[in-house]
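Step one of this worksheet: look at the structure below.
No experiment lies behind these values; they were computed from the predicted model shown.
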Amino acid sequence: QVQLVESGGGLVQAGGSLRLSCAASGRTFSRYAVGWFRQAPGKEREFVAAISRSGSNTDYADSVKGRFTISRDNAKNTVYLQMNSLIPEDTAVYYCAARNYALATMPLGYDYWGQGTQVTVSS
């Protein structure tokens, strides 16, 4: 069992940056792979980025590749999503999710979810 809380969302102008945090509480955070997903109005939840248990492996959606960076600090029980060069299409509620296995890109692959944090990018 792990509990996740996202933070760091907000309203930024296009071209700006945000860093989202996913704070986890659980017995052993390092056993969980973590993914970031987002859901924009009228759209299904989509994969953004994921990181393996150790942090050695990462994966990104094509739409954010080169702009977003996922990282983790297991000592702090936290996963981060650094978002640079933001564009209006990035506007969505961002969720972090965890699974006790290797990273996955599908929402159904994750067992634990946070409540989400709103990211709004203005033109």
Going by heavy atoms in the side chains, are [X] and [Y] under 4.5 Å from each other?
X      : Y      : result
Asn57  : Leu103 : yes
Gln39  : Tyr94  : no
Asn100 : Arg53  : yes
Gln82  : Ser17  : yes
Leu4   : Tyr95  : no
Thr58  : Ser52  : no

Cation over ring, Arg99 on Tyr32, under 6.0 Å and within 45°?
->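 Because its charged atom misses either the 6.0 Å distance or the 45° angle limit, Arg99 does not stack over Tyr32.
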Can Arg31 be said to sit on top of Tyr101's aromatic six-ring, NZ or CZ under 6.0 Å from centre and within 45° of the ring axis?
->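 Cation-pi check for Arg31 and Tyr101: fails.
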Linked, directly or transitively: [X] and [Y] (ILVMFWY side chains, under 4.5 Å):
X      : Y     : result
Ile51  : Met83 : yes
Leu18  : Val79 : yes
Val121 : Phe37 : no

How about Glu46: does its CD atom have over 12 heavy atoms from other parts shown lying under 6.0 Å from it?
->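 Above 12, so yes.
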Whether over 12 other heavy atoms sit under 6.0 Å from Lys65 NZ =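 It does: Lys65 NZ has more than 12 such atoms within range.
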Taking all non-hydrogen atoms of both residues into account, name the closest pair between [X] and [Y] and its distance.
X      : Y     : result
Ser123 : Pro88 : OG-CG, 3.6 Å
Ala102 : Ala33 : C-CB, 3.7 Å
Val2   : Ala24 : CG2-CB, 3.9 Å

Intermediate values then yes/no, side chain to side chain contact (heavy atoms under 4.5 Å, CB included), Arg38 and Asp90 = CA-CA 9 Å; Arg38 66 188 183 187; Asp90 295 321; 2.9 Å; yes
Rounded to the nearest 0.5 Å, how far does CG of Asn77 lie from CZ of Arg72?
->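 Here the rounded value is 9.0 Å.
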Roughly how far, to the nearest 0.5 Å, is the CD atom of Glu89 from the OG1 atom of Thr91?
->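 Answer rounded to 0.5 Å: 8.0 Å.
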Pairwise disulfide (SG to SG under 2.5 Å) hits with a residue in residues 71-102, at least two apart =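 Non-adjacent pairs meeting disulfide (SG to SG under 2.5 Å): Cys22-Cys96.
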Side-chain donor/acceptor pairs under 3.5 Å, residues 104-115, sequence neighbours excluded:
{"residue": "Tyr110", "atom": "OH", "partner": "Ala104", "partner atom": "N", "Å": "3.1"}
{"residue": "Tyr110", "atom": "OH", "partner": "Ala104", "partner atom": "O", "Å": "2.6"}
{"residue": "Trp113", "atom": "NE1", "partner": "Tyr110", "partner atom": "O", "Å": "3.4"}

How would you list all residue pairs meeting ring pair (Phe, Tyr, Trp, His ring centres under 6.0 Å) that involve residues 51-81, not counting sequence neighbours?
->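 Output for this query is empty, none listed.
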Qualifying residue for side chain to side chain contact (heavy atoms under 4.5 Å, CB included) with Leu20, from Val48, Ile70, Leu81 |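 Of all the options given, the one that passes is Leu81.
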